[in-house]
Visitor: 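First the structure, then my questions, so here it is.
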Amino acid sequence: MPELPEVETTLRGVSPHVIGKRVREVIVRDKRLRWPVPDTIHEMEGCRIDSGIRRAKYMLFGTTKGTLLLHLGMSGNLRVLTPDVPFKKHDHLAITLDSGKQLRLHDPRRFGAALWIEGDPMQHALLKDLGPEPLGDVFSAAHLHAACKGKTAAIKLVIMDSHVVVGVGNIYASEALFMAGIDPRKPAGKVTRPRLEKLVKAIRDVLTASIEMGGTTLRDFVNESGEPGYFAQTLRVYDREGDPCRVCGTKIKRIVLGQRSTFFCPKCQH
DNA sequence: AAAACTACCTGAGTGC
DNA sequence: TGCACTCAGGTAGTTT
C-alpha cells in the first residue's frame with residue numbers, strides 16, 4: 001500500500017493536527033510491529049511535537065526530547081480521530097494530544113514500525129545509509145547514471161534500491177518505466193544516458209502527480225481522514241495485466257522481477 | 001560486491 | 001460453506 005506519495009499524503013494530512021500540540025498519552029495496544037514498539041516511546045508523553053518530516057517512507061515527528069519514527073509498512077494507515085471512537089482490530093498505537101485529538105496507527109499486517117529515537121534521527125541505522133530523495137536535487141540523471149554503471153541487474157530493481165534512490169515502490173517503479181519507455185528487465189548498465197534523463201523525470205513526475213491526487217488506493221490505503229487516494233484511476237500499467245496499453249492498445253504484460261509483480265507494455269517499452 | 005532469496009503477518013480472493 | 005492455496009503496496013537480513 002503506502003509508497004512515497006501515500007506517506008506524503010498522510011504526513012501532510014496529519015501535520016496540522018500534531019505540530020505544536022503536546023502529547024498527553026501514548027497507548028500501545030500491540031507492540032508486535034516489525035520491531036517491538038519500545039517502552040521508551042512513553043518518553044514522548046508531555047512533549048510538544050515541533051516538526052513532522054518525511055525521509056523515504058518514514059515519518060519523523062520531532063520533539064526536544066526525541067523523535068517518533070513511524071512507518072506504514074504494506075498495510076498501515078495513520079488517522080486523526082478522537083479518543084471516544086472505539087478501537088478497531090489492528091489499531092496498534094494511539095497518541096492522545098492535548099488538543100483532544102488522537103492519532104492512531106492501524107496496520108493489519110504489522111510490517112509497519114513505531115520507534116523512539118534519541119539524538120539525531122538521520123544517524124539512526126534505518127536512515128543513515130539511505131539514498132537521495134527522488135524529489136530532491138541530489139537525485140539526478142548523473143546520480144542514476146553512476147548507480148547504473150556496469151550493473152547487470154534489471155533497471156527496475158535498481159530504481160527500487162533504497163541505496164540508489166528512496167521512495168520508489170513497486171507501483172511507481174512500473175509506472176515510471178512505462179513513462180520513460182524503458183523495459184523493466186533491461187540491464188541497468190545498458191540504459192543510455194538520455195533514457196536515464198527521461199527516467200529521472202518520469203519518477204519525479206509520477207510521484208508528484210500521485211501526491212496531488214492523494215496517493216494510490218488499490219485495496220485499503222486511506223489518508224488521515226479515512227479517505228482513499230485517486231491516483232489508481234490514472235495508473236498506466238500497474239495491475240492492468242491483459243488490459244490495452246493506453247498509448248498503443250497492446251495488452252499489458254505481467255512478469256515477476258525480484259519476486260515482485262512487474263507490469264509493462266511490450267510495444268512501448270524497450 | 002552484488003545478486004538471490006527469506007522472513008515478518010493478515011486478509012482478500014480463487015478454485016475445488 | 002469450507003478448505004487449501006495464492007497474492008499483496010516494504011525492507012532488513014542472510015546466503016550464494
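The sequence lines fix the lettering, A, B, ..., with proteins before strands; numbering per chain opens at 1. Values reported hereafter were calculated over all heavy atoms of this structure, with side chains retained and with hydrogens, waters and symmetry mates removed.
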Visitor: Can you run down the salt bridge (charged side-chain N to carboxylate O under 4.0 Å, His left out) pairs that involve residues 114-132 of chain A, sequence neighbours left out, and say none if there aren't any?
Guide: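 Qualifying pairs: none.
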Visitor: Nearest whole angstrom, please: distance from the P of C/dA8 to the CE of A/Met160.
Guide: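 The answer, rounded to whole Å, is 12 Å.
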Visitor: Once you round it to whole Å, what is the distance between P of B/dA1 and CG of A/Asp129?
Guide: 13 Å
Visitor: Could you go step by step and tell me if A/His106 and A/Asn77 meet the side chain to side chain donor-acceptor pair (under 3.5 Å) rule?
Guide: CA-CA 5 Å; A/His106 176 89; A/Asn77 63 57; 4.8 Å; no
Visitor: Quick one: side chain to side chain donor-acceptor pair (under 3.5 Å) pairs with a partner in residues 225-247 of chain A, sequence neighbours left out?
Guide: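 Pairs touching residues 225-247 of chain A that pass the test: A/Asn223-A/Glu227.
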Visitor: Just how far, in rounded Å, is C1' of C/dA8 from CG of A/Asp107?
Guide: 13 Å
Visitor: Rounding to a whole Å, what distance do you find between A/Asp239:CG and C/dC7:P?
Guide: 14 Å
Visitor: Check every strand shown and say whether A/Tyr238 touches a base, only sugar-phosphate, or nothing at a heavy-atom separation below 4.0 Å.
Guide: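 Touches sugar-phosphate only.
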Visitor: Quantified in whole Å, what is the P atom distance between nucleotide C/dT11 and nucleotide B/dA1?
Guide: 23 Å
Visitor: Can you measure A/Met59 atom CE to C/dG10 atom P for me and round it to whole angstrom units?
Guide: 14 Å
Visitor: With sequence neighbours left out, which residue pairs that include part of residues 39-88 of chain A fulfil the ring-ring contact (aromatic ring centres under 6.0 Å, His included) condition?
Guide: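 As it turns out, the ring-ring contact (aromatic ring centres under 6.0 Å, His included) pairs with a partner in residues 39-88 of chain A, which skip direct neighbours, are A/Tyr58-A/His71.
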Visitor: How close or far is atom P of C/dG10 from atom CG of A/Leu78, stated in whole angstroms?
Guide: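 Taking atom P of C/dG10 as the reference, CG of A/Leu78 is at 18 Å.
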Visitor: Measure the shortest side-chain to side-chain distance between A/Leu115 and A/Thr40 over non-hydrogen atoms and say whether it is less than 4.5 angstrom.
Guide: no
Visitor: What salt bridge (charged side-chain N to carboxylate O under 4.0 Å, His left out) pairs are there with at least one residue in residues 43-55 of chain A, not counting sequence neighbours?
Guide: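 Non-adjacent pairs meeting salt bridge (charged side-chain N to carboxylate O under 4.0 Å, His left out): A/Glu8-A/Arg54, A/Glu43-A/Lys65, A/Arg48-A/Asp50, A/Arg54-A/Glu133, A/Arg55-A/Glu133.
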Visitor: Using the closest heavy atom to pick a nucleotide of DNA chain B for each, name whichever of A/Val158 or A/Gln259 lands nearer the 5' end.
Guide: A/Val158
Visitor: For residues 105-116 of chain A, which residue pairs qualify under salt bridge (charged side-chain N to carboxylate O under 4.0 Å, His left out), counting only residues two or more places apart or in two chains?
Guide: none
Visitor: In whole Å, I'd like the distance from the CD1 atom of A/Ile171 to the P atom of C/dG10.
Guide: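 Value for this atom pair: 7 Å.
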Visitor: Paired stems touching DNA chain B, three or more consecutive Watson-Crick or G-U pairs with both distances under 3.5 Å?
Guide: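 Expected stems, ordered by start: B:2-8 with C:10-16, B:10-16 with C:2-8.
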Visitor: Please check: side-chain N/O of A/Thr208 versus main-chain N/O of A/Arg204, any donor-acceptor pairing under 3.5 Å?
Guide: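 Present.
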Visitor: Just the rounded figure in Å: distance from P of C/dG10 to CZ of A/Phe221.
Guide: 13 Å
Visitor: Can you run down the side chain to side chain donor-acceptor pair (under 3.5 Å) pairs that involve residues 17-30 of chain A, sequence neighbours left out, and say none if there aren't any?
Guide: A/Asp30-A/Arg32
Visitor: Kindly list each side-chain donor-acceptor pair under 3.5 angstrom involving residues 248-255 of chain A, sequence neighbours excluded, with atom names and distances?
Guide:
from: A/Arg254; atom 1: NE; to: A/Ser261; atom 2: OG; distance (Å): 2.9
from: A/Arg254; atom 1: NH2; to: A/Ser261; atom 2: OG; distance (Å): 2.8

Visitor: Scan the side chains in residues 188-195 of chain A for donor-acceptor partners under 3.5 Å anywhere in the protein, sequence neighbours excluded, and list what turns up.
Guide:
from: A/Arg193; atom 1: NE; to: A/Glu197; atom 2: OE2; distance (Å): 3.4
from: A/Arg195; atom 1: NH1; to: A/His270; atom 2: O; distance (Å): 3.2
from: A/Arg195; atom 1: NH2; to: A/Gly181; atom 2: O; distance (Å): 2.8

Visitor: Nucleotides 10-13 of chain B: which of its N/O atoms have a protein N/O under 3.5 Å away?
Guide:
from: B/dT10; atom 1: OP1; to: A/Arg110; atom 2: NH2; distance (Å): 2.6
from: B/dT10; atom 1: O4'; to: A/Pro108; atom 2: O; distance (Å): 3.3
from: B/dT10; atom 1: O3'; to: A/His90; atom 2: NE2; distance (Å): 3.1
from: B/dG11; atom 1: OP1; to: A/Lys89; atom 2: NZ; distance (Å): 3.4
from: B/dG11; atom 1: OP1; to: A/His90; atom 2: NE2; distance (Å): 2.6

Visitor: Answer yes or no as to whether B/dC8 has its base stacked against A/Phe111, where stacking requires a ring-centre separation under 5.5 angstrom and planes under 30 degrees apart.
Guide: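 So yes, this residue stacks on that base, both cut-offs being met.
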Visitor: Report each atom pair, protein N/O against N/O of nucleotides 11-14 of chain C, whose distance is under 3.5 angstrom.
Guide:
from: C/dT11; atom 1: OP1; to: A/His71; atom 2: NE2; distance (Å): 2.7
from: C/dT11; atom 1: OP2; to: A/Lys57; atom 2: NZ; distance (Å): 3.1
from: C/dT11; atom 1: O4'; to: A/Arg34; atom 2: NH1; distance (Å): 3.3
from: C/dT11; atom 1: O2; to: A/Arg34; atom 2: NH1; distance (Å): 3.2
from: C/dT11; atom 1: O2; to: A/Arg34; atom 2: NH2; distance (Å): 3.1
from: C/dA12; atom 1: OP1; to: A/Tyr58; atom 2: OH; distance (Å): 3.0
from: C/dA12; atom 1: O4'; to: A/Arg34; atom 2: NH2; distance (Å): 3.0

Visitor: On a whole-Å scale, what distance lies between the P atoms belonging to C/dC3 and B/dC9?
Guide: 23 Å
Visitor: Only pairs at least two apart or in different chains count here, so list each side chain to side chain donor-acceptor pair (under 3.5 Å) that has a residue in residues 154-166 of chain A.
Guide: A/Lys156-A/Asn170, A/Lys156-A/Thr262
